[in-house]
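Have a look at the structure below before the remarks.
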Amino acid sequence: MEAHQHSPDSSSEECTVLEAPPGKNACPQHAGKVADLYCSACECPLCEDCVSDHGEHPTVPLSQALEQHRTELQESLSTAQNRLPQISDALSFVKEILQQLTSQRASIEEDIQSSFEDLHKQLDVRKSVLLMELEVTYGLKQKVLQAQVDNLARGEGDMVTSCTQTEEALAGEACVASLQVERELQERLRELAGLGLPCQPEENDQLDLIMETDGLRKSIHNLGTIVTTSAVASQSEAMGAGLEQCIVGHPASVTIVTRDKSGGACKSGNAILSAEVFTPDGSIVDGEILDHKNGTYEFVYIVPKEGDFSLALRLYDQHIKGSPFKLTVSKASEAVEVSPSTTTATNSAAYATPSTGSSEGAKRRGKSPGQKKKGSKRASSALGTPRRKTQNPIEDDLIFRIGTKGRNKGEFTNLQGVAASSTGRILIADSNNQCVQVFSNEGEFKSRFGVRGRSPGQLQRPTGVAVHPSGDIIIADYDNKWVSIFTCEGKFKAKLGSGRLMGPKGVSVDQNGHVIVVDNKACTVFIFQLTGKLITKFGSRGNGDKQFAGPHFAAVNKNNEIIITDFHNHSVKVFTPEGELVLKFGSNGEGNGQFNAPTGVAVDNNGNIIVADWGNSRIQVFDGSGSFLSYINTSADPLYGPQGLALTSDGHVVVADSGNHCFKVYRYLQ
């Protein structure tokens, strides 16, 4: 009996369990019982004593239930493990965004410091100039007045002395001995009395300061703005007919609505948005993004040929909802013959898009670039040559082409700007690969540089490239909204235009070494010193003589005049360095001297202007007055959406054939 006695804090049940045969499937409710069933409704194991308590509940063998639970647990583990890389990638991506945000903060802080230091310097210089001007002005006036004072003081002293001597003589007795002295005094007094002393002031005492500080204080109060949005790609969406179908040669429009993480509509603009229309083989179609400044954006694009395309809309480098979208591009119905007199009215009503300038400008850009009559078809080879050959073409031939689609050396993805150096180098702005590639005039790959990112020294979307006489390489970065300057070896030196530029597309250098920047988004041309100081700017959105609609590239002639391609206004404009219009030529069409959205431009030694005609996929040549001369024969290997264009140091034409992912060099007879 004593052997079965137990302590007060133990129980008889516990003793019983200790006596029961050990088993891993013991019933948790009944001691000493083995569970061999499983209640699916209650999700618990059952022994023979438990069955009565669970009535009509469905049961299965415990082994089967354990196996099923193990299977489900394994599936949950696999699901979690499969999810883990996605979370890890998201973590890395968000960390990268955070790092870029921190870098951008440091960059902006540096810009603010340097900008205000520059303002302080300018204020100090102005203060010194004003103080110097004050001293000079005072000195001139003081010199005049002091000379007059000295002259009058001498006259006054001489006259007082003579009067005193005369009074003393008159006080004495008149005699022959004093007669001679008195005569001399009389003569002296007459001389002094008749002396032409300047008794009227020869200067005035005005010395005032006009300091217009109210406007300056207001400008300082509003100086600088920190720009950001709360927009995220996962919530933002697009709408409009241009998402599904468009007509060859006609503007199509897509509206993008940006939203925050909760799905709320953003109310401000300036989000970093990119849009690309591309074919299955990767050919890129250009377009223009218009910021309505209210959280919505308009993407207007023109596709030059029919077929199936994709439209990728990215916000901060991430696809928005539904992107990429599938597009079907078809020809306009040939059942209705459209006369030239009705084309503008019909197409402007059907295809004009908002916020692309004035209503007249919208109509003009909505006009068909080449409306053909019923039954008229354009041969594929015509993409490289005009339809009407009123003059004989210069027999320029393709010398070579370099590149295919890809991300390796000598491969391109949406190449844009082109530059040629005096040292025999060809530079290509490889936009979607975020780099610049350098080749010899013979097409031999030499180097490439560029790291993707939004910090100074990194490239996000290089679109324009130029070579400074100093050898520095100047790159327009559309998405970073600034221009970067690198050494000829590709080492970053500085950036300019940050805080001023909205979407720089093309760059060039004038005869004075100034940097010319074509801001595609702001429709403005900026001219900077290499130090970053703004010299002047001109242009605004519209279709007037001094206005632009999506300007692309620039060139400079020997007169230091600036030549700009005005993409959506289908023209080329020439300006003085001060922004005064000198010449304008071109209209919308396919004939000689007409354009369907001009892009690249260069000037030869004779002042002739060479223009890449993007929508017509050809290169035209004009004289310095804008008269059509000829075109470069590209029919053997047709262009598709040419972009940047330049003249090499050995006199050939090099063009970025963006749609074919290559650049081509043509023999050019000047």
Side-chain angles (χ1 to χ4, degrees), residues 110-168 184-224 468-470 494 496-500 509-516 525-538 559-560 562 575-580:
E110 179 184 340
D111 288 342
I112 291 172
Q113 294 286 1
S114 62
S115 296
F116 278 87
E117 285 174 6
D118 185 51
L119 288 174
H120 277 300
K121 290 178 183 177
Q122 291 188 38
L123 286 172
D124 288 340
V125 169
R126 184 58 185 162
K127 181 176 75 172
S128 299
V129 169
L130 282 175
L131 290 173
M132 184 181 298
E133 187 178 335
L134 173 63
E135 287 304 309
V136 171
T137 305
Y138 166 77
L140 293 173
K141 295 173 78 73
Q142 184 268 348
K143 184 177 181 180
V144 172
L145 290 172
Q146 188 62 52
Q148 186 176 6
V149 166
D150 293 344
N151 200 2
L152 288 172
R154 282 194 301 270
E156 181 187 39
D158 291 345
M159 196 166 290
V160 168
T161 300
S162 297
C163 288
T164 300
Q165 292 174 349
T166 301
E167 287 173 351
E168 290 176 353
E184 291 176 358
L185 288 171
Q186 184 179 16
E187 185 65 28
R188 179 64 173 161
L189 288 172
R190 286 176 179 173
E191 180 184 345
L192 291 172
L195 194 64
L197 292 174
C199 294
Q200 296 300 319
E202 295 181 343
E203 250 298 357
N204 58 60
D205 62 351
Q206 182 183 11
L207 202 60
D208 297 325
L209 173 66
I210 298 176
M211 187 75 79
E212 296 288 349
T213 59
D214 290 344
L216 180 61
R217 290 177 189 276
K218 184 176 180 180
S219 296
I220 292 175
H221 179 74
N222 296 319
L223 182 62
H468 194 270
S470 65
L496 58 85
S498 179
R500 297 183 186 272
V509 181
D510 69 9
Q511 305 291 339
N512 300 317
H514 297 151
V515 179
I516 299 164
V525 175
F526 291 82
I527 303 178
F528 294 93
Q529 291 181 353
L530 200 59
T531 59
K533 180 180 179 181
L534 178 66
I535 298 174
T536 189
K537 64 177 182 177
F538 59 88
N559 298 327
N560 208 34
I562 303 168
F575 297 87
T576 66
E578 294 73 35
E580 296 300 320

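The structure presented is a predicted model; accordingly, all values stated were derived computationally and were not measured.
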Which atoms form the tightest heavy-atom contact between [X] and [Y], and what is the distance?
X	Y	value
Val509	Pro469	CG1-CD, 3.7 Å
Gln529	Ile535	CG-CD1, 3.6 Å
Leu496	Gly532	CB-CA, 3.7 Å
Asn151	Pro198	ND2-CD, 3.7 Å
Arg500	Phe526	O-CZ, 3.9 Å
Leu534	Ile527	CD1-O, 3.4 Å

Inset, instruction - Scan for salt bridge (Lys or Arg N to Asp or Glu O under 4.0 Å) pairs involving residues 199-222, sequence neighbours excluded, and state none if there are none. - result: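 Of all non-adjacent pairs touching residues 199-222, those that pass salt bridge (Lys or Arg N to Asp or Glu O under 4.0 Å) are Lys141-Glu203.
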Drop me the distance from [X]'s [atom1] to [Y]'s [atom2], to the nearest 0.5 angstrom.
X	Y	atom1	atom2	value
Ser162	Leu192	OG	CG	4.5 Å
Glu167	Leu185	CD	CG	11.0 Å
Leu195	Met159	CG	CE	7.0 Å
Leu140	Lys143	CG	NZ	8.0 Å
Thr531	Lys533	OG1	NZ	7.5 Å
Phe116	Lys121	CZ	NZ	15.0 Å

Find out whether [X] and [Y] are in side-chain contact, i.e. whether some heavy atom of one side chain is under 4.5 Å from a heavy atom of the other.
X	Y	value
Leu119	Leu223	yes
Asn560	Asn512	yes
Leu152	Glu156	no
Thr166	Leu189	yes
Leu134	Leu207	yes

Inset, instruction - Would you check if the side chain of Gln142 reaches a backbone N or O of Thr137 as a donor-acceptor pair within less than 3.5 Å? - result: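 Not at all, since once roles are kept as given, no pair shorter than 3.5 Å links the two residues.
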Inset, instruction - Give a yes or no answer on whether the side chain of His514 reaches the backbone of Leu530 with a donor-acceptor pair at less than 3.5 Å. - result: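 No.
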Inset, instruction - Apply salt bridge (Lys or Arg N to Asp or Glu O under 4.0 Å) to Arg188 and Asp158, showing your working. - result: CA-CA 9 Å; Arg188 179 64 173 161; Asp158 291 345; 3.8 Å; yes
Inset, instruction - Take Met211 and Leu130, measure what side-chain contact (heavy atoms from CB on, under 4.5 Å) needs, and give me the verdict at the end. - result: CA-CA 11 Å; Met211 187 75 79; Leu130 282 175; 4.0 Å; yes
Legend entry - ring pair (Phe, Tyr, Trp, His ring centres under 6.0 Å) partners of Phe538, counting only residues at least two apart: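 If we apply the ring pair (Phe, Tyr, Trp, His ring centres under 6.0 Å) test to Phe538, skipping adjacent residues, the hits are Phe575.
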